[in-house]
Amino acid sequence: MEERQKNYEIRTGCSRGLCRAAIGRQDRQLNTYDWLADVPGNAESTDLVEVQFKHTRKGYYHNVNNLPLKKGDVVAVEASPGHDIGVVTLTGRLVKMQLKKANLKSADDIKRIYRLARQVDMEKYREAKAREHETMIESREIAKGLGLDMKIGDVEYQGDGQKAIFYYIADERVDFRQLIKDLAAAFHVRIEMKQIGARQEAGRIGGTGPCGRELCCATWLKNFVSVSTGAARYQDISLNPQKLAGMCAKLKCCLNYEVDDYIEAGKKLPAGDIVLQTLDADYYLFKKDILAGLLTYSTDKRMAANLETITAERAKEIIEMNKKGTKPESLQPDNTPKKQEGPVDLLAGDSITRFDKAKKKKKKKRDHAPKN
């Protein structure tokens, strides 16, 4: 097994998983799979490089020194002032496509890559990162002392420790001019305030969703699209705020994932307010399985009574029959009434008196047992 692992490393140049030239480290948020990594000349097609910093912050830089960069390399990049430390997450042609998504307003936003990070750079970087949590706690106390209605959710120090970005959440506009002065006096660095929403904060903090997987906003979700309760209505989901809300207390982003399929499938179903008339009774829509195309009808408007499940095609047939003034004998295609089932134990699928029968058998065995 060890010999096979060594051969794999020689062939691919990486110790585990896919080669980092394509997939990169999986503990990096918003990882982009470089499907052009194996194309000859891909890295030399452009000098643009995508560099990722703490959590979801990314930047695009020119490789002016023609460094042989690969995905996962730690580099020192131009900042204002000083330099910052980040990880290369993408090189080659795919960076141009990512650049369009970033929607940079001017070419001045694209700075330069200085060098691969040295030991001195990494020592400064670790010292700066070690101060982030303590700075965040102290900055919250300063903001509270000023009576500002805001929450500082995270602090990110620049790689050389000369600047700190304070990420905050606020429902209304906040005048933090005095706060910036107090923070600069307390930490002796250049201060930058950046407002984020509740979804962005959840992505920076991370966590596990009710589905059991890591939050989408903390792993792969790049753009946050507004989510409305209409997405839940199209999918016939109960409008329960506690179940529809995510870790950010906003509507779950995953409500938008399948809504288009539900809208297309819903167009094939008849309207829910149409009453199906048979010779025996009138049937009202009780519930529907949109993707399966199944409709369950009840003889009572407000509760489940004599439930019948039929397909959407059968429901449309009955609607056309009712329009012509005819009524089928039942909702079923063969016009046979649904067989009424008696009470059944759902756990065992047997009569609820089965334990009593077992006791009687044991008693008979004891009575007929030979006595010594």
Side-chain angles (χ1 to χ4, degrees), residues 197-199 209-213 215-217 220-347 349:
R199 299 182 192 277
C211 58
R213 298 176 64 89
L215 296 179
C216 298
C217 55
W220 63 270
L221 193 60
K222 298 177 178 62
N223 300 317
F224 295 97
V225 182
S226 60
V227 185
S228 64
T229 54
R233 291 192 181 96
Y234 282 122
Q235 299 174 68
D236 201 23
I237 301 175
S238 175
L239 298 179
N240 186 341
Q242 294 181 348
K243 292 185 178 180
L244 295 182
M247 302 293 287
C248 57
K250 303 289 184 181
L251 292 176
K252 295 176 182 176
C253 295
C254 55
L255 290 174
N256 280 343
Y257 295 169
E258 299 177 351
V259 67
D260 293 336
D261 293 334
Y262 275 91
I263 292 175
E264 291 298 321
K267 294 178 180 178
K268 302 177 183 178
L269 303 180
D273 57 349
I274 298 178
V275 181
L276 304 186
Q277 298 176 342
T278 64
L279 295 177
D280 296 334
D282 293 343
Y283 286 85
Y284 306 91
L285 182 64
F286 180 71
K287 66 177 181 178
K288 54 187 176 181
D289 189 337
I290 300 176
L291 297 182
L294 299 177
L295 303 171
T296 301
Y297 286 88
S298 170
T299 54
D300 194 295
K301 281 185 178 182
R302 300 174 181 81
M303 59 182 294
N306 304 318
L307 297 179
E308 296 264 7
T309 302
I310 58 175
T311 61
E313 290 76 13
R314 176 58 180 169
K316 292 179 180 178
E317 290 178 6
I318 298 175
I319 292 172
E320 292 298 324
M321 294 174 65
N322 293 157
K323 288 181 179 179
K324 296 177 181 179
T326 58
K327 299 180 181 180
E329 295 181 8
S330 69
L331 296 184
Q332 301 303 324
D334 52 359
N335 288 329
T336 56
K338 184 181 178 182
K339 184 179 179 181
Q340 298 295 329
E341 299 177 354
V344 177
D345 187 352
L346 297 178
L347 294 177

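Keep in mind that this is a model prediction, so the values were computed, not measured. Quick note: residue numbers are just sequence positions, from 1.
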_Considering only residues two or more places apart or on different chains, which pairs with a residue in residues 228-237 satisfy side chain to side chain donor-acceptor pair (under 3.5 Å)?_
Thr229-Arg233
*Scan residues 294-305 for pairs that pass side chain to side chain donor-acceptor pair (under 3.5 Å), counting only residues two or more places apart or in two chains.*
Thr296-Thr309, Thr299-Asn306
*Apply side-chain contact (heavy atoms from CB on, under 4.5 Å) to Ala245 and list each qualifying residue two or more places apart in sequence or on a separate chain.*
none
*Which atom pair, heavy atoms only, marks the closest approach of Ala312 to Leu269?*
CB-CD2, 3.6 Å
*Distance, nearest 0.5 Å, that separates NZ of Lys252 from CG of Leu244*: 7.0 Å
Under 3.5 Å, side-chain donor or acceptor atoms of residues 282-294 against the rest of the protein: list the pairs with distances, not counting sequence neighbours.
residue, atom, partner, partner atom, Å
Asp289, OD1, Ala292, N, 3.4

*asked:* Give me each pair satisfying salt bridge (charged side-chain N to carboxylate O under 4.0 Å, His left out) with a member in residues 254-272, each pair once, sequence neighbours excluded.
replied: Glu264-Lys267
_Cys253: which of Leu215, Leu221, Val225 passes side-chain contact (heavy atoms from CB on, under 4.5 Å)_ = Leu221
*asked:* Could you measure the distance from the CG atom of Leu251 to the OG atom of Ser226? Nearest 0.5 Å is fine.
replied: 10.0 Å
_Non-neighbouring partners of Asp273 that pass side-chain contact (heavy atoms from CB on, under 4.5 Å), sequence neighbours left out_ = Ala271
Under 3.5 Å donor-acceptor pairs involving side-chain atoms of residues 318-328, not counting sequence neighbours:
residue, atom, partner, partner atom, Å
Asn322, OD1, Gln277, N, 3.1
Asn322, ND2, Gln277, O, 3.1
Asn322, ND2, Thr326, O, 3.1
Thr326, OG1, Met321, O, 2.9

*Give the intermediate values and the outcome of side-chain contact (heavy atoms from CB on, under 4.5 Å) for residues Ser238 and Lys243.*
CA-CA 9 Å; Ser238 175; Lys243 292 185 178 180; over 6 Å; no
*Taking it one step at a time, do Glu308 and Thr278 satisfy side-chain contact (heavy atoms from CB on, under 4.5 Å)?*
CA-CA 12 Å; Glu308 296 264 7; Thr278 64; over 6 Å; no
*asked:* Using the side-chain hydrogen bond (donor to acceptor under 3.5 Å, both in side chains) criterion, which residues pair with Glu317? Sequence neighbours excluded.
replied: Arg314
*At their closest point, which heavy atom of Leu276 faces which heavy atom of Ala315, and how far apart are they?*
CD2-O, 4.1 Å
*Considering non-hydrogen atoms only, spot the tightest contact between Val259 and Ala231 and give its length.*
CG2-CA, 3.9 Å
*Is any side-chain heavy atom of Ile310 closer than 4.5 Å to a side-chain heavy atom of Gln332?*
yes
